[in-house]
Amino acid sequence: MSVPDHVRAYHDRLAGDEHHRLRSWEHCYRYFRRVGPTGLAIDRDAAALQLGFYLASWGMYRGSTFLLRYAYTAHQPVIDLLVERRFLPLWEREFGAGEQDDELQPLVLEAVAGVRRAYAPFGEPTDTLITKVLLGTLGCLRAGDRYFLVGFKAEGYSYSALKEPFVERLLRFSHLNATDLLREQERIERQGGLRYPIMKLVDMYFWQRGCELAAADSEPEAE
């Protein structure tokens, strides 16, 4: 299957179900983009609630995760971070779209470090939590869950930590597949009115690929 095929297979899961769990990302991202840094700073409570519900819906409150022990206010330091003036370029430009990616990459890594520090008083955030926060707010990184990593490694990309080499590999993939990703971005926007950021499409591709590979591995062997 091609990049568009995998992206569509993922997106088709939402077809006809406005309440699907995966739409939690849409609700969160749409809210953050609509309100913007100024609005977020004014009503950080509402922003923290939006972020918290999306993260809960995407598995970040299960089991023994530290977030399970705290109220939504644990997300307020992250909101305070995202509205800092230094991150304005990440609100104004699309990371992964090609233009000025080299200039934005250091800011993305700063945002990663900043989110890690923001949660530090409550617990140690995983790479998965950090990437899901940034995907649901700025749209500048993929969500690094198990299926994504399975798909990523199947493409020949290695992953060891949420650091510069990994971000460079994400950019390499997005640039190599820019034509397909931009076409899917336009198609999804026409269908649903929301412009998915390039990194969300990259996330969808690798997640779908990983999901299919995991399903194939779990199938019983034929007799």
Side-chain angles (χ1 to χ4, degrees), residues 10 21-29 32 44 47-84 87 90 95-96 104-155 157-171 173-174 197-211 213-214:
Y10 180 103
R21 178 181 64 84
L22 294 178
R23 288 200 185 274
S24 293
W25 173 83
E26 286 190 350
H27 297 313
C28 185
Y29 182 73
F32 274 81
R44 60 203 288 265
L49 283 166
Q50 287 278 353
L51 179 58
F53 190 89
Y54 148 66
L55 292 173
S57 187
W58 276 41
M60 291 293 95
Y61 275 74
R62 66 162 63 105
S64 59
T65 57
F66 73 87
L67 288 177
L68 197 58
R69 302 194 301 271
Y70 296 100
Y72 75 93
T73 49
H75 301 296
Q76 289 176 339
V78 174
I79 306 303
D80 295 338
L81 169 82
L82 296 175
V83 301
E84 290 181 11
F87 293 120
L90 293 178
F95 186 62
L104 295 178
Q105 183 173 325
L107 270 184
V108 171
L109 293 169
E110 281 187 41
V112 167
V115 172
R116 198 181 300 278
R117 288 193 301 271
Y119 282 126
F122 308 101
E124 184 176 353
T126 62
D127 288 355
T128 302
L129 173 58
I130 293 170
T131 53
K132 286 186 178 181
V133 167
L134 293 177
L135 180 64
T137 56
L138 295 171
C140 65
L141 269 185
R142 90 299 179 259
D145 58 15
R146 178 171 65 91
Y147 285 151
F148 176 95
L149 294 178
V150 169
F152 194 66
K153 292 176 181 178
E155 285 280 332
Y157 296 103
S158 61
Y159 177 81
S160 59
L162 184 54
K163 295 182 179 179
E164 184 175 357
F166 171 65
V167 178
E168 290 174 349
R169 292 173 194 131
L170 281 179
L171 286 177
F173 176 83
S174 64
I198 290 296
M199 282 297 156
K200 171 60 176 169
L201 299 175
V202 170
D203 177 72
M204 292 161 67
Y205 169 74
F206 282 117
W207 190 96
Q208 183 65 30
R209 181 130 197 262
C211 180
L213 289 170

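Hydrogens, waters and symmetry mates play no part in the numbers below; they use all other heavy atoms, side chains included.
Put simply, the side chain of S57 does not reach to within 4.5 Å of the side chain of R23, judged on heavy atoms. A 4.5 Å side-chain heavy-atom check between L67 and L129 finds at least one atom pair inside the cut-off. Put simply, the side chain of F152 does not reach to within 4.5 Å of the side chain of V202, judged on heavy atoms. Residues E110 and L90 form no side-chain contact, since every pair of their non-hydrogen atoms from C-beta on lies 4.5 Å or further apart. The side-chain heavy atoms of F32 and L51, taken from C-beta on, include a pair separated by under 4.5 Å. Residues K200 and M204 have side chains in contact (heavy-atom distance under 4.5 Å, counting atoms from C-beta outward). Here the side chains of R69 and F122 are not in contact, with every heavy-atom distance at 4.5 Å or above. Side-chain atoms of L141 and L162, non-hydrogen and from C-beta on, do get closer than 4.5 Å to each other.
A donor-acceptor pair under 3.5 Å links the side-chain atoms of T65 to the main chain of M60, judged by distance alone. A donor-acceptor pair under 3.5 Å is formed between the side chain of S174 and the backbone N or O of L171.
Side-chain contact of E155 with Y205: a donor-acceptor pair under 3.5 Å is present, judged by distance alone. Side-chain contact annotation: Y147 with D203, donor-acceptor N/O pair under 3.5 Å absent. There is no side-chain donor-acceptor pair under 3.5 Å between Y70 and H75.
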(request) Tell me, with the steps shown, if Y54 and H27 meet side chain to side chain contact (heavy atoms under 4.5 Å, CB included). (result) CA-CA 8 Å; Y54 148 66; H27 297 313; over 6 Å; no
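Annotation: the span from E168 atom CD to L109 atom CG amounts to 8.5 Å, rounded to 0.5 Å. Separation of atoms CG (L135) and CD1 (I130) is listed at 13.5 Å; rounding is to 0.5 Å. How far OH of Y29 is from OG1 of T137: 9.0 Å, rounded to the nearest 0.5 Å. Separating the CG atom in L170 from the CZ atom in R142 is a distance of 6.0 Å, to the nearest 0.5 Å. Between the CG atom in L82 and the CZ atom in F87 there is a gap of 7.5 Å [rounded to 0.5 Å]. One distance of note links SG of C28 with CD of Q50; it measures 6.0 Å at 0.5 Å rounding.
For L81 against A111, the heavy-atom pair with the smallest separation is CD2-O, 4.1 Å. Nearest heavy atoms, P125 versus Y119: CG-CB, 4.0 Å. The shortest non-hydrogen separation linking R146 to A214 is NH1-CB, 4.5 Å. Heavy atoms only, all atoms of each residue included: A48 and Q76 are closest at CB-CG, 4.0 Å. Taking each heavy atom of G96 and I198 in turn, the nearest pair found is O-CG2, 3.6 Å. L213 and A154 get closest at one heavy-atom pair: CD1-CB, 3.4 Å.
Taking the ring centre of Y157 as origin, the terminal cationic atom of R209 falls outside the region bounded by 6.0 Å and 45° from the ring axis.
The 12-atom threshold is exceeded at OH of Y61, counting heavy atoms of other residues, nucleotides or ligands nearer than 6.0 Å.
Across W207, F173, F206, W58, a single residue satisfies ring pair (Phe, Tyr, Trp, His ring centres under 6.0 Å) together with F148, and that is F206.
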